[in-house]
Protein chains: 2
Amino acid sequence: MYPQLKLENQLCFRFYTVSRLLTQIYYPLLKSLGITYPQYLVLMVLWEADHQPVNDIAKRLLLNTNTITPLLKRMETDGLIKRKKDKTDGRKVIVTLTKKGKLMEEQAVSVPDNLIKSITCSDFVGSLPQDIFPVLDNMIDTLRQTVETMNE
Amino acid sequence: MYPQLKLENQLCFRFYTVSRLLTQIYYPLLKSLGITYPQYLVLMVLWEADHQPVNDIAKRLLLNTNTITPLLKRMETDGLIKRKKDKTDGRKVIVTLTKKGKLMEEQAVSVPDNLIKSITCSDFVGSLPQDIFPVLDNMIDTLRQTVETMNE
DNA sequence: TCAAAAAATATCGCACGCGATATAAAAAAT
DNA sequence: ATTTTTTATATCGCGTGCGATATTTTTTGA
């Protein structure tokens, strides 16, 4: 009846679906490391720069503390990271990789390649338009601004 | 250290982020209707064709029954749909819109337009490449095949 | 016909995500 | 110096998502 309510015209549904399916394909690869996809994201942030407050990690991943805090607690329980109050600013909690968390980077190096290999297509990456990354980054930037404006 | 483990090189992270942010922007629009985004998706499927078995809805949304079943139960509790065993095939459960579920389509018509309006950008849609939909559909098709192959 | 396989749905457990709200510490304002 | 505001993190509750598995019904095959 209303074309704007057809599933085939929904942009968000496509992103929702691609995100879910990609995460499902990640699952067996990350399971062998004993981590989930959001935990993998946190580790990537820390591998780039260790010793960060919770809020910096949250901002980098565009997640809120109500998601990040329990996530980090689980990672601490699993021995991947340590959480410690900042000496100079008692509000901040600094997150640091443990030896286990640091060593996992070596095992994770093969994950991106294995992901591509496991996708049933002769050339998944090559079939994507060259400019897909900037398009997505523009979208994220616009959406991020919108959400920030909403929460004011 | 390893470029393949940099967040800025992650395709999946971008889809994950766009999906989450878009859903957050949907939230206040759908809240006024009393529904969530996944429930909105189920309703769109039923508005296109009422009276469908659970599995058809699940396939359409590329979700599994362990997600759809509780979702449908909540929607039944909220008086949006009815679930009834199929007479001819006792395994199937047929999902039908209630009057409330049907009437909600009229209220939902404005949601897509209001979503665009609420996004902080002069021309969000116009700044997307013309061929973004087929690209996404190709991705979904490839990923769907991969996940199906995984579960064999 | 009758056991075995397949199909459809459901249950269980756990990890997110996030709106709403609370708590604690630091910074700013009066 | 004290109150107010802001910042950083955490808690609570609920709704997904999904891997693993179970249940029920139908279909298939020997």
Side-chain angles (χ1 to χ4, degrees), chain A residues 16-32 34-42 52-59 61-78 80 83-95 147 150-152, chain B residues 16-32 34-42 52-59 61-78 80 83-95 147 150-152:
Chain A
Y16 163 82
T17 302
V18 170
S19 173
R20 285 191 309 100
L21 294 179
L22 269 172
T23 307
Q24 285 181 48
I25 300 171
Y26 265 110
Y27 177 80
L29 302 174
L30 296 177
K31 193 187 182 182
S32 65
I35 56 175
T36 65
Y37 183 71
Q39 291 174 9
Y40 175 63
L41 293 178
V42 170
Q52 292 193 53
V54 171
N55 212 30
D56 288 18
I57 302 173
K59 283 221 173 92
L61 299 178
L62 302 180
L63 288 169
N64 295 323
T65 55
N66 48 8
T67 298
I68 281 281
T69 296
L71 209 169
L72 292 174
K73 282 190 175 176
R74 281 186 290 271
M75 292 178 74
E76 187 172 35
T77 302
D78 293 346
L80 294 167
R83 290 152 71 246
K84 202 189 295 179
K85 280 250 179 189
D86 192 341
K87 305 279 187 192
T88 55
D89 188 340
R91 292 170 302 181
K92 292 186 184 175
V93 170
I94 306 294
V95 181
V147 170
M150 278 165 49
N151 300 330
E152 270 168 15
Chain B
Y16 163 82
T17 302
V18 170
S19 172
R20 284 190 310 102
L21 294 179
L22 269 172
T23 306
Q24 284 181 49
I25 301 171
Y26 265 109
Y27 177 79
L29 301 175
L30 296 177
K31 193 187 182 182
S32 65
I35 56 175
T36 66
Y37 183 70
Q39 291 173 9
Y40 176 62
L41 293 179
V42 169
Q52 291 192 52
V54 171
N55 211 30
D56 288 17
I57 301 173
K59 284 220 172 92
L61 299 178
L62 301 180
L63 289 168
N64 295 323
T65 55
N66 48 9
T67 297
I68 283 281
T69 296
L71 211 169
L72 292 174
K73 281 188 175 176
R74 281 185 291 270
M75 293 178 74
E76 188 172 34
T77 302
D78 293 345
L80 295 167
R83 290 152 71 246
K84 204 189 293 179
K85 280 252 180 188
D86 192 340
K87 305 279 186 191
T88 55
D89 187 340
R91 293 169 302 181
K92 292 186 182 173
V93 169
I94 306 294
V95 181
V147 170
M150 278 164 50
N151 300 331
E152 272 170 13

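Every chain is numbered from 1 and lettered A, B, ... according to where its sequence line falls, protein lines coming before strand lines. Keep in mind it's a predicted model, so treat the numbers as computed, not measured.
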Quiz prompt | Check: Tyr16(A) main-chain N/O paired with Ser19(A) side-chain donor or acceptor under 3.5 Å | solution = no

Quiz item: Once you round to the nearest 0.5 Å, how far does OG1 of Thr69(A) lie from CZ of Arg74(A)?
Solution: 10.5 Å

Quiz item: How many Å lie between CE on Met150(A) and C1' on dA20(C), as a whole number?
Solution: 14 Å

Quiz item: Base, sugar-phosphate alone, or nothing: which one does Arg20(A) contact when heavy atoms must sit under 4.0 Å apart?
Solution: sugar-phosphate

Quiz prompt | Value in whole Å for how far the P atom of dA24(C) lies from CG of Asp86(A) | solution = 18 Å

Quiz item: Applying a 3.5 Å limit to both distances, which nucleotide forms a Watson-Crick or G-U wobble pair with dT7(D)?
Solution: dA24(C)

Quiz item: Rounded to the Å, how far apart are Leu21(A) CG and dG17(D) C1'?
Solution: 12 Å

Quiz item: Expressed in angstrom and rounded to an integer, what is the separation of Leu80(B) atom CG from dG15(D) atom P?
Solution: 13 Å

Quiz item: Does some side-chain heavy atom of Arg20(B) sit less than 4.5 Å from a side-chain heavy atom of Leu63(A)?
Solution: yes

Quiz prompt | Residue-phosphate contact under 4.0 Å: Thr36(B) side-chain N/O, dT16(D) OP1/OP2 | solution = yes

Practice problem: Select base, sugar-phosphate, or nothing to describe what Thr67(B) touches, counting heavy atoms under 4.0 Å on all strands. | Solution: base

Hey, what are the protein-to-nucleotides 6-10 of chain C N/O distances that come in under 3.5 Å?
from: dA7(C); atom 1: O4'; to: Arg91(B); atom 2: NH1; distance (Å): 3.4
from: dT9(C); atom 1: OP1; to: Val54(B); atom 2: N; distance (Å): 3.4
from: dT9(C); atom 1: OP1; to: Val93(B); atom 2: N; distance (Å): 2.9
from: dT9(C); atom 1: OP2; to: Asn55(B); atom 2: N; distance (Å): 2.7
from: dA10(C); atom 1: OP1; to: Arg83(B); atom 2: NH2; distance (Å): 2.7
from: dA10(C); atom 1: OP2; to: Thr69(B); atom 2: OG1; distance (Å): 2.9
from: dA10(C); atom 1: N7; to: Thr65(B); atom 2: OG1; distance (Å): 3.2

Practice problem: Check whether any side-chain N or O of Gln24(A) sits under 4.0 Å from OP1 or OP2 of dC18(D), and answer yes or no. | Solution: yes

Quiz item: Hey, does Ile25(A) have a side-chain heavy atom less than 4.5 Å from the side chain of Val147(B)?
Solution: yes

Quiz item: Rounded to the Å, how far apart are Asn64(B) CG and dA22(D) C1'?
Solution: 16 Å

Quiz item: Looking at side-chain heavy atoms only, is the closest gap between Arg83(A) and Met75(A) below 4.5 Å?
Solution: no

Quiz prompt | Among dT25(D), dG17(C), dC16(C), the nucleotide that comes nearest once only the side chain of Leu71(A) is considered | solution = dC16(C)

Self-check item: salt bridge (charged side-chain N to carboxylate O under 4.0 Å, His left out) partners for Asp89(A), two or more places apart
Solution: Arg91(A)

Exercise. Would you mind reading off the distance between Leu30(A) atom CG and dA15(C) atom C1', rounded to a whole angstrom?
Key: 14 Å

Quiz item: For Lys84(A) and dT9(D), what is the distance between atoms NZ and P respectively, to the nearest whole Å?
Solution: 16 Å

Exercise. Grab the CE-C1' distance between Met75(B) and dC14(D) for me, whole Å please.
Key: 16 Å

Quiz item: Lys87(A) or Pro38(A): which one's nearest nucleotide on DNA chain C is closer to the 5' end?
Solution: Pro38(A)

Practice problem: Assign the ring pair Tyr40(B) / Tyr26(B) to parallel, tilted or perpendicular, where the plane angle (0 to 90°) is split at 30° and 60°. | Solution: tilted

Quiz prompt | Any Lys31(B) side-chain N or O less than 4.0 Å from OP1/OP2 of dC14(D) | solution = no

Quiz item: Are any of Tyr37(B)'s side-chain N or O atoms less than 4.0 Å away from OP1 or OP2 of dG17(C)?
Solution: no

